[in-house]
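Please read all numbers here as calculations on a predicted model, not as lab measurements. Below, each value reflects all heavy atoms present in this structure, side chains not excepted, and no hydrogens, waters or symmetry copies.
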2 protein chains.
Amino acid sequence: MKRKTFAGSPCPIARSLDVLGDWWNPLILRECTYGVCRFDGFQQWLGIGRNILTRRLAQLVDEGLLEKRAYQSSPTRYEYHLTEKGYDAVKVILAMMEFGDKWQFKKGKEPIRLFDADSGKRLHPIVVDASTKEPIDPRNITAGPGPGFPKIQSIRRQRFGDNYIE
Amino acid sequence: MKRKTFAGSPCPIARSLDVLGDWWNPLILRECTYGVCRFDGFQQWLGIGRNILTRRLAQLVDEGLLEKRAYQSSPTRYEYHLTEKGYDAVKVILAMMEFGDKWQFKKGKEPIRLFDADSGKRLHPIVVDASTKEPIDPRNITAGPGPGFPKIQSIRRQRFGDNYIE
DNA sequence: TGGTTAAGTTTCATTATGAAACTGATGATA
DNA sequence: TATCATCAGTTTCATAATGAAACTTAACCA
């Protein structure tokens, strides 16, 4: 009975979950944005078991969200730094942060605040449509198969019905 | 050795992870946006074990992301519908979707497309700052303690150093 | 009488997690 | 020289979660 993986799934959510759908990985990425980059740093801030941390870091490197950089030799030791892909994952985590702020804490009682490092202005991450810049209302969206959708018509129609497009 | 929970954590990310940091919950929410709302529907589309599904639905109801609505009596059967909070969680999942599209599939080969239900226009969820509407660059943000940050100065200073504010 | 649908439970083998102790290489201290 | 401390992991082992499949309950159908 292996743990399920969504590595081959045609759903971008499922694929993201292989690396973000976990209790630890997003927190490790959070620590990275706070400037933590070494094994013991992650371990102490998160209280994660060292064996689990080892596995998670390896996975994040493997998936390309973190890269290992040697910062000394004899013995060689590594730091873990966010990659381009890793920084993109952080955006998802910022969305999580906003969700957490809104629903888990009283208004004005949020424990963490984000600022633009240049201007020093408060930042509030929200999810909008790229072209209109209007907030997305999940109540009002429709999903349909894209070019990469598997060519199994029955499932396609079953799932998307009238939204089926060739 | 209990599974760790972040229920009391002062981090909004950690708190969100208690419900979103899981392989199944985000997919269940995805199915909800696709219109699935019954036990067997979730089970068949996701291939999730029925025992696990039972637990996950209960958790999502418990956390207020889904609500149970009886759609028939004798025997009473329930449908699961997204709440206000649930729809907000979907926004996070849309951010995941964009991440998955960008990094897991070739450009123009994304398997799922989102549309505005009214206008029919393509939607691309991105994470921006609420006031400027500028995309957030995680490379250029700073975190500092907010009003809800625990009052343990040493940790506060350790973690946020110069960003410490009274 | 038997079959189907729906929404779960129960059981059990397999995995993953958490805690703590241990390793190995080096540098600093007494 | 002997001991301690740091860093980045492994190893071990008890406990918890997962996945698969069979079972249950309650009603309707023919």
Between [atom2] of [N] and [atom1] of [X], the distance in whole Å:
| X | N | atom1 | atom2 | value |
| --- | --- | --- | --- | --- |
| A:R77 | C:dA25 | CZ | P | 11 Å |
| B:R38 | C:dG8 | CZ | P | 12 Å |
| A:Q72 | D:dC7 | CD | P | 9 Å |
| A:E79 | D:dC7 | CD | P | 12 Å |
| A:L66 | D:dA8 | CG | C1' | 16 Å |
| B:K68 | C:dA6 | NZ | C1' | 13 Å |
| B:F39 | D:dT24 | CZ | P | 17 Å |
| A:I52 | C:dA20 | CD1 | P | 14 Å |

Tell me what B:S74 touches on the nucleic acid: a base, only sugar-phosphate, or nothing, going by heavy atoms under 4.0 Å.
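It contacts sugar-phosphate atoms only.
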What does A:F42 touch in the nucleic acid at a heavy-atom separation under 4.0 angstrom: a base, only the sugar-phosphate, or nothing?
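Contact class for A:F42: none.
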Is there a path from B:M96 to A:V128 through hydrophobic residues (I, L, V, M, F, W, Y) whose side chains come within less than 4.5 Å of each other?
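No; A:V128 is not reachable from B:M96 via cluster members.
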Could you see if B:L46 belongs to whatever hydrophobic cluster contains B:I52? Use Ile, Leu, Val, Met, Phe, Trp, Tyr and a side-chain cutoff under 4.5 Å.
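B:L46 and B:I52: one cluster.
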Less than 4.0 angstrom between a side-chain N/O of [X] and OP1 or OP2 of [N], yes or no?
| X | N | result |
| --- | --- | --- |
| A:W23 | D:dA16 | no |
| A:Y80 | D:dG9 | yes |
| B:R55 | D:dT18 | yes |
| B:Y71 | C:dA7 | yes |

Hey, which of these two, A:I48 or A:S73, hits DNA chain C nearer its 5' end, going by closest nucleotide?
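With A:I48 and A:S73 compared, the 5'-side residue is A:I48.
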Hey, which of these two, B:Q44 or A:P75, hits DNA chain C nearer its 5' end, going by closest nucleotide?
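With B:Q44 and A:P75 compared, the 5'-side residue is B:Q44.
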Does a salt bridge link A:D22 with A:R56, judged by any charged N lying under 4.0 Å from a carboxylate O?
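Result for this pair is yes, salt bridge flagged.
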Under 3.5 Å donor-acceptor pair, A:R50 side-chain atoms to D:dA8 base atoms:
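Under the 3.5 Å cut-off, the side chain and the base do form a donor-acceptor pair.
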Exam field: side chain B:R77 to backbone B:Y71, donor-acceptor pair closer than 3.5 Å
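Side chain of B:R77 to backbone of B:Y71: no pair is present.
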Assign each of A:K4 and A:Y78 to its nearest nucleotide of DNA chain D by heavy atoms, then name whichever residue's nucleotide is nearer the 5' end.
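Its nearest nucleotide lies further toward 5', so the answer is A:Y78.
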Is any side-chain heavy atom of A:I112 closer than 4.5 Å to one of A:D101?
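They are not in side-chain contact.
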Of all the nucleotides listed (C:dA20, D:dA8, C:dT26), which has the minimum atom distance to the side chain of A:N51?
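Selected nucleotide (nearest to the side chain): C:dA20.
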